[in-house]
Protein chains: 2
Amino acid sequence: MASRDKEATKAKLIKAAGQVMARDGFAKMGVNAVAREATVDKVLIYRYFGGLEGLIKAYAEDGDFWPGVEELIAEPEAIYRARPAAEQMARVFRNLISALRRRPVTLEILAWEMADGNELTKHLDEVRETLGREFTRRFGHAGPAEVDLMAFSALMAASVNYLTARSRHNKSFNGMDISKEDGWKRLEETISTVCLKVLS
Amino acid sequence: MASRDKEATKAKLIKAAGQVMARDGFAKMGVNAVAREATVDKVLIYRYFGGLEGLIKAYAEDGDFWPGVEELIAEPEAIYRARPAAEQMARVFRNLISALRRRPVTLEILAWEMADGNELTKHLDEVRETLGREFTRRFGHAGPAEVDLMAFSALMAASVNYLTARSRHNKSFNGMDISKEDGWKRLEETISTVCLKVLS
DNA sequence: ACAATCTGTCACTTGGCAGTGACTACGATA
DNA sequence: TATCGTAGTCACTGCCAAGTGACAGATTGT
């Protein structure tokens with residue numbers, strides 16, 4: 001018989017959930033798979049978390065899924081604030097690329113919520129919305145009046161989400177190689193150029 | 001007993017495949033579901049197409065999944081060619097939005113190939129790559145030397161793919177309402193602005 | 001009319017999944 | 001040391017999917 005320690009077992013299950021998600025993807029996430037991974041009986045998922053959904057929720061609150069504001073600005077706030085708007089935005093999106101590429105599970109979720117926005121992804125999504133609001137609250141960027149800032153940043157963020165998530169399974173997109181650093185360098189530089197030209 | 005017409009049955013199956021994809025999504029695509037939809041026995045999928053993969057391949061070659069060059073330029077080629085590069089590109093991406101939103105199955109595939117790039121989506125993907133190459137071949141756009149044109153158009157196309165596919169299940173992204181025409185208008189106008197500012 | 005062939009149907013095996021009820025073994029406490 | 005609550009195990013049901021082998025009804029050529 002196993003270790004007989006509820007909290008440790010719960011932790012094992014949460015960890016296993018993350019491993020299954022990263023290795024097999026959201027599609028294969030299930031009580032059987034997670035329990036197998038944790039070498040624990042699936043009934044404990046129901047007992048301790050009320051089911052898979054509860055486990056995912058616990059996982060969502062546990063882990064480091066989404067980058068925080070600090071990671072996105074990646075420098076002391078004062079320095080960041082002193083930069084011109086175009087540069088601020090370019091930095092954020094470039095840092096967002098790195099932040100996402102560092103988080104395979106987050107990419108999995110990004111992809112999955114597009115394919116099948118279900119209850120499970122909702123918990124994970126809510127955390128992100130908070131980040132978005134937090135960001136806007138602290139840094140209401142400015143730019144030329146004729147630019148719809150919200151639409152512009154939606155376009156850029158969508159781009160980054162798509163390309164990072166896609167890079168898990170596809171080597172290229174639109175002729176760009178998104179499997180190697182080279183391609184990402186080009187994309188990052190183009191983001192800078194675009195921000196500069198649009199927001200000046 | 002049914003109509004006893006092989007070709008008609010094959011057509012029924014192909015059509016059913018599309019219906020299942022549109023209604024239930026790629027996740028629920030399976031021989032059982034398609035056969036049920038076609039009110040035909042699933043064994044015929046194996047006999048006529050060698051399995052689900054073959055059926056999907058047939059479907060991919062059959063339907064109007066991806067817009068053609070004509071749909072993307074949406075005007076006589078001569079007129080299109082006479083426009084400045086910025087305007088050409090803006091038109092293509094704006095038309096791409098409409099073209100994709102008109103094709104629920106295509107959106108389903110776009111989303112699905114991100115979540116799980118499997119054998120089934122590959123066939124559908126190949127057709128698209130052809131379109132991309134065709135487009136570049138016929139319209140090698142020009143712009144300022146400091147702009148990486150391939151990267152820029154990858155960014156824009158990624159954006160469009162993400163937002164259109166996401167709009168199936170999510171009402172908003174990044175504060176933008178992508179469930180109503182209003183939001184799309186704003187995005188389209190922003191695309192025009194961006195192209196103009198970047199490519200001049 | 002008969003045989004060969006083709007289209008379509010049915011029934012079955014196998015296997016994975018979610019969820020549940022009954023059980024066992026541990027160990028804290030009195 | 002006896003007992004009682006809890007952590008963990010096991011075995012089972014019910015469901016649905018993929019794939020297959022055998023069969024029945026229709027069609028065609030001779």
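Labels below follow one simple rule: chain letters A, B, ... track the order of the sequence lines, proteins then strands, and each chain is numbered from 1. Quick note: numbers below take in every heavy atom, side chains included, and nothing from hydrogens, waters or symmetry partners.
None of M89(B), E87(B), R94(B), R91(B) except one satisfies the side chain to side chain contact (heavy atoms under 4.5 Å, CB included) rule with S192(B); the exception is R94(B).
Computed from coordinates, the E37(A) CD to dC17(C) P distance equals 13 Å when rounded to whole Å. The separation between R36(B) atom CZ and dT9(C) atom C1' is 16 Å, rounded to whole Å. A straight line from CG of L44(B) to C1' of dC6(C) spans 11 Å, rounded to a whole angstrom. For the pair F49(B) CZ and dT7(C) P, the computed distance is 12 Å after rounding to whole Å. The separation between E7(B) atom CD and dG8(C) atom P is 10 Å, rounded to whole Å. As a whole-Å value, the separation of D5(A) CG from dC26(C) C1' is 13 Å. Atoms CE (M29(A)) and P (dA18(C)) sit 10 Å apart, rounded to a whole Å.
Checked for salt-bridge contact, R137(A) and E134(A) meet the test: a charged N lies under 4.0 Å from a carboxylate O. Using a 4.0 Å cut-off between charged nitrogen and carboxylate oxygen, K185(B) and E181(B) do not count as a salt-bridge pair.
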Test log, rule salt bridge (charged side-chain N to carboxylate O under 4.0 Å, His left out), inputs E113(A) and R166(B): CA-CA 8 Å; E113(A) 71 180 1; R166(B) 186 181 167 100; 3.1 Å; yes
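Out of dA7(D), dC17(C), dT7(C), the shortest distance to the side chain of Y48(A) is found at dA7(D).
Between L96(B) and L72(B) the shortest side-chain heavy-atom distance falls below 4.5 Å. A 4.5 Å side-chain heavy-atom check between I178(B) and L187(B) finds at least one atom pair inside the cut-off.
Environment of NZ in K57(A): sparse, with no more than 12 heavy atoms of neighbouring residues, nucleotides or ligands closer than 6.0 Å.
Put simply, T9(A) has no side-chain N or O that comes within less than 4.0 Å of OP1 or OP2 on dA7(D).
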Produce the list of close N/O pairs, under 3.5 Å, pairing protein atoms with atoms of nucleotides 19-22 of chain D; give distances to one decimal.
residue: dG19(D); atom: OP2; partner: Y46(B); partner atom: OH; Å: 2.8
residue: dG19(D); atom: O5'; partner: Y46(B); partner atom: OH; Å: 3.3
residue: dG19(D); atom: N7; partner: K42(B); partner atom: NZ; Å: 3.0
residue: dG19(D); atom: O6; partner: K42(B); partner atom: NZ; Å: 2.9

Can you tabulate the close N/O pairs, meaning under 3.5 Å, that link protein atoms to atoms of nucleotides 4-6 of chain D?
residue: dG5(D); atom: N2; partner: R4(A); partner atom: NH2; Å: 3.3
residue: dT6(D); atom: O2; partner: R4(A); partner atom: NH2; Å: 2.2

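Screening residues 150-196 of chain B for ring-ring contact (aromatic ring centres under 6.0 Å, His included) gives Y162(B)-F173(B) as the qualifying pairs, with residues at least two apart or on separate chains.
At least one donor-acceptor pair closer than 3.5 Å links the side chain of R103(B) to the backbone N or O of F65(B).
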